[in-house]
Amino acid sequence: MMQANALYTADVAIVGGGIVGTAALYQLSQYRLRLALVEKNYEVGWGATKANSGIVHGGFHDDPSTWKGKLCIRGNQRYPELCEKLDVTFRQNGILMVALSEDDLPVLNKYLERGKANGVPGISIISRDEALELEPNLTPDIVAALYSPEGGVINPFEMAIAFAEVAQANGAAIFTDTEVTGLKREGELIHVETDKGVIAARFVINAAGLWSDEIARLAGDDYFTITPRKGEEYLTDKRAGNLVHRTIFPTPSPTSKGILAIPTAEGNLMIGPTALELPDKAALDTTEAGFREIVTSVKRLVPKIDSRDIITSFVGLRAASNRGDFIIEPSPRFPGLIHAAGIESPGLTAAPAIAEVLTQIMADAGLDLIPNPSARDTRPQVPHFHELSNEERAQLIAQDPRFGRVVCRCETVTEAEIVDAIKRGARTVDGVKFRTRAGMGRCQGGFCQPLIIGILARELGVDPTDITKRGPGTKILVSPLNKGMVESGAEMVANSGKEGQA
Amino acid sequence: MTQSPLKIDVLVIGGGPAGLAAALAAKKQGAQKVAVIERNHELGGILQQCIHNGFGLHRFQEELSGPEYAARFIHQIEGSDIDVYLNTMVISLSKDRTVTAVSPTHGLLTCQAGAIILAMGCRERTRGAINIPGYRPAGVFTAGAAQRFMNIEGYLPGKDVVILGSGDIGLIMARRFTLEGAKVHAVVEILPYAAGLTRNVAQCLDDFSIPLHLSSTVVGIEGKDRVEAVTIAQVDNSRRPIPGTEQTIKCDTLLLSVGLIPENELSREAEVPLDPMTSGPQVNELRETAVSGVFACGNVLHVHDLVDYVSDEAEIAGTAAAEFAQDQLPGKSAAISIRPGSGIRYALPQTIEHNQPFDLYLRVVEPVENAVIQIGDRQIRHRKVKPSEMLKIPIKAKDLESWQGRQEIIVELKTAEQGRKKEAASR
């Protein structure tokens, strides 16, 4: 990606490359507009989006008078087509909200009514027996369940990457590893000051997630605050991925949707999240207490879930605002700045709809939306060797032998896919992982990480010691063992080449 | 595009120590077409990165390095007409012994095998599997991954190291890092005794004055980008950290040597029943699984501490697989199951079906002095047994005779309690 050394001018600058910022960038890239997106992480989608549970919510959780209620259902309806166009896995597995006592039944009814008011298709309350027939591994203690068949799951970071890739292909500039330091009004334009240079834009979208209150403050808006709500998630081996097929919710408490069992788009089972409000916006550490809470709670819903099947865990910090609803509105005092803040759950589901609202706000304020006939809204298919038939696999290997070299044995990811990911912008081990799944399986990169570092070094033309996990400060290798023996990575690079051709 | 499947008499999946010995034994037993499929670009498996010595003491009465040990078998393979498919990864295995594999040179390969030998080895348990809380910085490695970075790729992954787990790879890597000029601050073991071989504790830790913290574990990882420190704490009898015993050690690297898991994803696909204690297939004394014509040996079957025993076991499997492929495998007698009783973690094989003398492999649950292993009616005395050192007990014709008509033989560590009491009294 480019570096913003000097002044860059744009019609719209987006601060934040999470699911909201990238969805907006994708939508705007369909028009004749000059676009820039600024992201402080090394890649897009690496904030809260990376740790999102991936649920495309049914749309029954929130009141129809709220942004959350309105935009959730609209987003839900847009995902199947978006995923088709952007070659992102979408699994419309349905959602079950489970009542474990008679006391929960009025709550189920409340959500049924909400779902109906929001226009959720096919939503109904089903009996204990019907629920157990759909999901035999649910606890026999279940009393009834609310069933929303159009809920689904996607891979959230794949979605953000896909939005960004298509927008980039349409000409949008993405400045990663770039931090916004100031917002200044300069005549007709807003100067977005960053640590790498200035972007001058007519409109600025504040989609900075956890830091959206701080971005707002740069423009003098201090009327909302964002408090991180920490969520730990634990992921199981695919072996346990079929324990349930639908996303299982408990009957929620007033403050949280509760601890869920979520079959992921790729076939793992994700369990979590916790919900803990704390002041630290960098508290991405998992805890023993979180682990215990999640395992105990989820076993009440699906007793067969075994904590020994967990292969990894991670933390996401939800950007919860003091308003309790999404804040999607023009700044009251800084013309041209539009906030998309407080985007907590169901933010992933709502993101495509939030992008529509943001676009409309700017159109109302005078942004000309002229469709760009040469812009594309689809992403060229990304090869996933693992998902192909044997005939297709044989064909691919015949075309490119690197498809015959399996680098990640747990997820069956080939060298060709890794090289493709690097061509599409991956520069780090995590960048390769989030694009290809290499290193996401049961051995967690134990076998493939050395190979991936070798391929990254070879493709990027750098020394293996320069390869990082996820950007500055996260180097993996300290130094060559013996400088006389190994000439700055040449051997490792040569090794990867040799293996590829052998 | 799809070709008719290759016909192979004995197909070995995995070209590590188990696969090599199994293939050679199958060839020796008269199998015509023997093939080894190996995903790496060379044979030898994990031995190639084990550049320390100590391999082959039992088998060759010599102290070889890993690559040297592997070379003895690789040379024999090279001098035979065994087909070797390198850079080739098996992507599916069915119970009718059809194998699909891919490679850059051979493309998509389908084989129909007379007999299959599973020799895929094992993988390391990871941070996720043991749920160490904390941040996710760079600098957390499994010991084997660090070993590969150093011994195959030629890079140092860290300078200030803490090692969690005193398994053999962890001990070996403590010495390896020290020899390369890194500082190993501590080896931390949750058990009250070292998990690896006694000789490795002596040669890798004691000789270099590396502290071993027993009954302790890592309770936190600090550093948001790269590891900056780990917090260790003592644990109680139920292995829970004891509050107030925390100690923070500054370091840039945490190495995990917390156990190995047999890699049985293909076995599961072929519906091979597994033993929950070994995490490997259930086998009879010829290492035949419950799926006809599918054999298993080495670390995919159960995690070994000595490669010599892996080779021995692989020869049993290779010989039997060749006999099966040639329709020469003797018929089965009434099955006797061998069940681990008190004090025994697992016993292998899990069933006896051929009524011929064999070696029984055992692991105990905890270290015991003056132990008596009771197998059926027979008692075997051991001065000292420990979980890290697998016991190999020859089962003789007269044992089998005395077991005639029985369905189950229980293996127990009989005097475990007495042994422990004696130890306490002598203090």
Side-chain angles (χ1 to χ4, degrees), chain A residues 235 239 282 284-288 290-291 307-308 310-314 390-391 393-395 397-398 401-406 409-410 412 414 442-447 449-450 453-454 464-465 468-470 472-482 485-486 491-492 495 498-502, chain B residues 1-3 39-42 86-89 91-92 100 102-108 110 123-124 126-129 131-139 141-142 144-145 148-159 180 182 219-226 241 252-253 261 263 265 268:
Chain A
L235 196 75
R239 193 163 67 225
L284 291 163
D285 58 321
T286 49
T287 63
E288 176 69 22
F291 169 73
S307 62
R308 283 173 300 184
I310 290 170
I311 59 170
T312 191
S313 56
F314 45 88
N390 279 343
E391 285 71 21
R393 286 170 174 161
Q395 265 173 23
I397 302 170
R402 290 173 302 182
F403 277 107
R405 184 179 173 227
V406 177
R409 57 172 83 167
C410 303
T412 322
T414 64
R442 49 182 72 88
C443 92
Q444 287 290 298
F447 287 116
Q449 198 187 63
I453 291 175
T465 53
T468 64
K469 179 170 161 59
R470 53 168 180 263
T474 62
K475 280 193 176 186
I476 295 165
L477 302 173
V478 172
S479 62
L481 265 195
N482 179 335
M485 207 171 74
V486 182
E491 181 166 305
M492 189 158 164
N495 273 348
K498 189 169 65 198
E499 287 176 41
Q501 291 152 15
Chain B
M1 220 51 224
T2 329
Q3 297 151 355
R39 55 190 152 204
N40 204 357
H41 68 281
E42 61 182 348
L86 295 175
N87 290 307
T88 305
M89 164 118 174
I91 55 171
S92 82
T100 310
V102 294
S103 102
T105 38
H106 303 287
L108 190 97
T110 314
R123 64 172 177 270
E124 298 178 278
T126 63
R127 176 184 178 181
N131 275 310
I132 306 174
Y135 290 89
R136 265 135 202 82
F141 301 92
T142 55
R148 176 174 175 134
F149 276 126
M150 292 174 81
N151 296 349
I152 303 281
E153 318 291 356
Y155 288 89
L156 188 66
K159 285 188 205 154
E180 289 298 336
V219 294
I221 299 175
E222 275 147 62
K224 286 170 187 172
D225 293 330
R226 174 85 194 194
D252 62 14
T253 301
I261 305 168
E263 284 238 281
E265 279 61 44
R268 279 195 186 88

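Below, chain A is the first sequence line, B the second, and so on; all start at residue 1.
- Considering all non-hydrogen atoms of both residues, A:G446 and B:A145 come closest at O-CB, 3.6 Å.
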Open item on the list: Run B:E153 and A:L477 through side-chain contact (heavy atoms from CB on, under 4.5 Å) and show every step you take.
Closed with: CA-CA 11 Å; B:E153 318 291 356; A:L477 302 173; over 6 Å; no
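- Annotation for A:T286 and B:I132: closest pair OG1-O, 4.1 Å, computed over non-hydrogen atoms.
- The two residues B:R136 and A:F314 make their nearest non-hydrogen contact at NE-CA, 4.1 Å.
- Distance check, rounded to the nearest 0.5 Å: CD of A:Q449 to CZ of B:F141 gives 6.0 Å.
- Contacts between A:R442 and chain B at a heavy-atom distance below 4.5 Å involve backbone atoms as well as side-chain atoms.
- Only the side chain of B:M89 comes within contact range of chain A, with heavy atoms under 4.5 Å apart.
- With respect to the salt-bridge test (charged N to carboxylate O, under 4.0 angstrom), the residues A:R409 and B:E265 do not qualify.
- Taking all atoms of both residues into account, the shortest heavy-atom contact from A:R405 to B:P104 is CB-CG, 3.8 Å.
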- [ ] With side-chain contact (heavy atoms from CB on, under 4.5 Å) as the test, would you mind laying out the steps for A:F447 and B:E263 before giving the verdict?
- [x] CA-CA 12 Å; A:F447 287 116; B:E263 284 238 281; 4.1 Å; yes
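- Looking at A:I476, the atoms closer than 4.5 Å to chain B (heavy atoms on both sides) sit in the backbone and in the side chain alike.
- The shortest distance between side-chain heavy atoms of B:Y155 and A:I453 does not fall below 4.5 Å.
- Between chain B and the options A:L284, A:T468, A:T465, A:T312, heavy-atom pairs under 4.5 Å are most frequent for A:L284.
- If you take NZ on A:K469 and CG on B:D225, they are separated by 11.0 Å, rounding to the nearest 0.5 Å.
- Atom CD1 in B:I91 sits 4.0 Å away from atom CZ in A:R393 (nearest 0.5 Å).
- With rounding to the nearest 0.5 angstrom, the CD1 atom of B:I221 is 10.5 Å from the CG atom of A:D285.
- One distance of note links CG of B:D252 with NZ of A:K475; it measures 13.0 Å at 0.5 Å rounding.
- For B:I261, no part sits under 4.5 Å from any heavy atom of chain A, backbone or side chain.
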Open item on the list: Under the criterion side-chain hydrogen bond (donor to acceptor under 3.5 Å, both in side chains), I'd like the reasoning laid out for B:R127 against A:S313: C-alpha separation, chi angles, the key distance, then a yes or no.
Closed with: CA-CA 9 Å; B:R127 176 184 178 181; A:S313 56; over 6 Å; no
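- Among the candidates B:K224, B:E42, B:E124, B:E222, the residue making the largest number of heavy-atom pairs closer than 4.5 Å to chain A is B:K224.
- When each of A:P472, A:S307, A:C443, A:G404 is scored by its heavy-atom pairs under 4.5 Å with chain B, the top score falls to A:G404.
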